[in-house]
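See below for the structure under consideration.
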Amino acid sequence: MAVLGCLLLAGPVAAQSAGEKTGVNSTLGISPTTADFVKEVAISDMFEINASKLAQDKGNASEKTFAAQMVTDHTRTSADLKGLVSSGKVKAEVPSALDSAHRGKLDKLKGESGKDFSSDFDSIQVSAHKDAVSLFERYAKGGDNAALKDWAGKMLPALKHHLEMAQDLNKSK
């Protein structure tokens, strides 16, 4: 409760960004701001593409199949998102580089091989897709940009399928 009180006192804009960054918004089911949503989606897509390219080289057969699908799908969602922003339908900045947390995860994966790589890649994929489903569900339900809200809703079935695929990777060990 103290965290919620601090967030409410911080003001709505600060609460949204801080809440999204710390995961509080997800826990409370609060929709991200458009700026936070665009940033999170863009970084998530970049991470998925880069991690999956590593898995195409280092992963087992199941991971390579999964990774190929992730590269295809996340390249498409990245292009969709950039198109919505460049068309003017969405007013937000699309980051062009990973944040430090995702860079750290990617660097760790780059240094691993065999079972260590598989274990970390598989668990990261489950976690990342749980976060993505939450993010897209919250924005689709309560986002403040109609075009982006509609797009988020349309992307949910594919993201839920990605999560199932990632969970299957984890089970196949």
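Being a predicted model, the structure only gives us computed values, none of them experimental.
- Between E137 and K160, at least one side-chain N (NZ, or NE/NH1/NH2) sits under 4.0 Å from a carboxylate O, which counts as a salt bridge.
- Put simply, CG on D36 and CZ on R138 are 9.5 Å apart, with the number rounded to the nearest 0.5 Å.
- Taken from CE in M155 to CG in L135, the straight-line distance is 13.5 Å, to the nearest 0.5 Å.
- K58 contributes atom NZ, which lies 11.5 Å from atom CD of E63 (distance to the nearest 0.5 angstrom).
- Under a 3.5 Å cut-off, the side chain of S52 and the backbone N or O of M70 do not form any donor-acceptor pair.
- Between N60 and S118, the shortest heavy-atom contact is ND2-OG, 3.9 Å.
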Open item on the list: Please evaluate residues F117 and L54 with respect to the criterion side chain to side chain contact (heavy atoms under 4.5 Å, CB included), reporting the C-alpha separation (whole Å), side-chain torsions for both, the decisive distance (0.1 Å), and the verdict.
Closed with: CA-CA 9 Å; F117 175 84; L54 285 175; 4.2 Å; yes
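- No donor-acceptor pair closer than 3.5 Å links the side chain of S134 to the backbone N or O of K130.
- Residue K149 comes nearest to G143 through the heavy atom pair CD-O, 3.5 Å, listed as atom of the first residue, atom of the second, then distance.
- For W151 and F136, the ring centers sit closer than 6.0 Å to each other.
- The cluster map of Ile, Leu, Val, Met, Phe, Trp and Tyr, joined by side-chain heavy atoms under 4.5 Å apart, puts I49 and L169 in different clusters.
- H129 places a side-chain heavy atom less than 4.5 Å from the side chain of E48.
- From S96, atom OG reaches atom CD1 of I43 across 9.5 Å, with rounding to the nearest 0.5 Å.
- Between the side chains of Y139 and N145, no donor N or O sits under 3.5 Å from an acceptor N or O.
- Residues A92 and V85 approach most closely at O-CG1, 3.3 Å, considering heavy atoms.
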- [ ] Apply the test side chain to side chain donor-acceptor pair (under 3.5 Å) to residues R76 and T72: give CA-CA distance (whole Å), side-chain angles for both, the deciding distance (0.1 Å), then the verdict.
- [x] CA-CA 6 Å; R76 186 178 331 114; T72 298; over 6 Å; no
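- Between A51 and F121, the closest heavy-atom pair is O-CE1, 3.6 Å.
- Within a 6.0 Å sphere centred on NZ of K39, heavy atoms belonging to other residues, nucleotides or ligands number 12 at most.
- Between D150 and K154, at least one side-chain N (NZ, or NE/NH1/NH2) sits under 4.0 Å from a carboxylate O, which counts as a salt bridge.
- Linking ILVMFWY side-chain heavy atoms closer than 4.5 Å, directly or via other members, places V38 and L156 in a single hydrophobic cluster.
- A donor-acceptor pair under 3.5 Å links the side-chain atoms of T75 to the main chain of V71, judged by distance alone.
- Between A152 and F37, the shortest heavy-atom contact is CB-CZ, 3.9 Å.
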- [ ] Begin with the C-alpha distance, continue with both residues' side-chain angles, and end with the deciding distance and a verdict on side chain to side chain contact (heavy atoms under 4.5 Å, CB included) for H102 and M46.
- [x] CA-CA 9 Å; H102 286 90; M46 282 186 276; over 6 Å; no
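- How far NE2 of H74 is from CZ of F47: 10.5 Å, rounded to the nearest 0.5 Å.
- With rounding to the nearest 0.5 angstrom, the NZ atom of K108 is 10.5 Å from the NZ atom of K105.
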TODO: Go through the steps to decide whether K91 and T34 satisfy the test side chain to side chain contact (heavy atoms under 4.5 Å, CB included), and finish with yes or no.
DONE: CA-CA 8 Å; K91 306 261 187 268; T34 294; over 6 Å; no
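- When every heavy atom of L106 is checked against every heavy atom of L98, the shortest pair comes out as CD2-CD1, 3.8 Å.
- No donor-acceptor pair closer than 3.5 Å links the side chain of S119 to the backbone N or O of D116.
- A distance-only check finds a donor-acceptor pair linking the side chain of S123 to the backbone of D120 [under 3.5 Å].
- When the shell of 6.0 Å around NZ of K64 is examined, it contains more than 12 heavy atoms from other residues, nucleotides or ligands.
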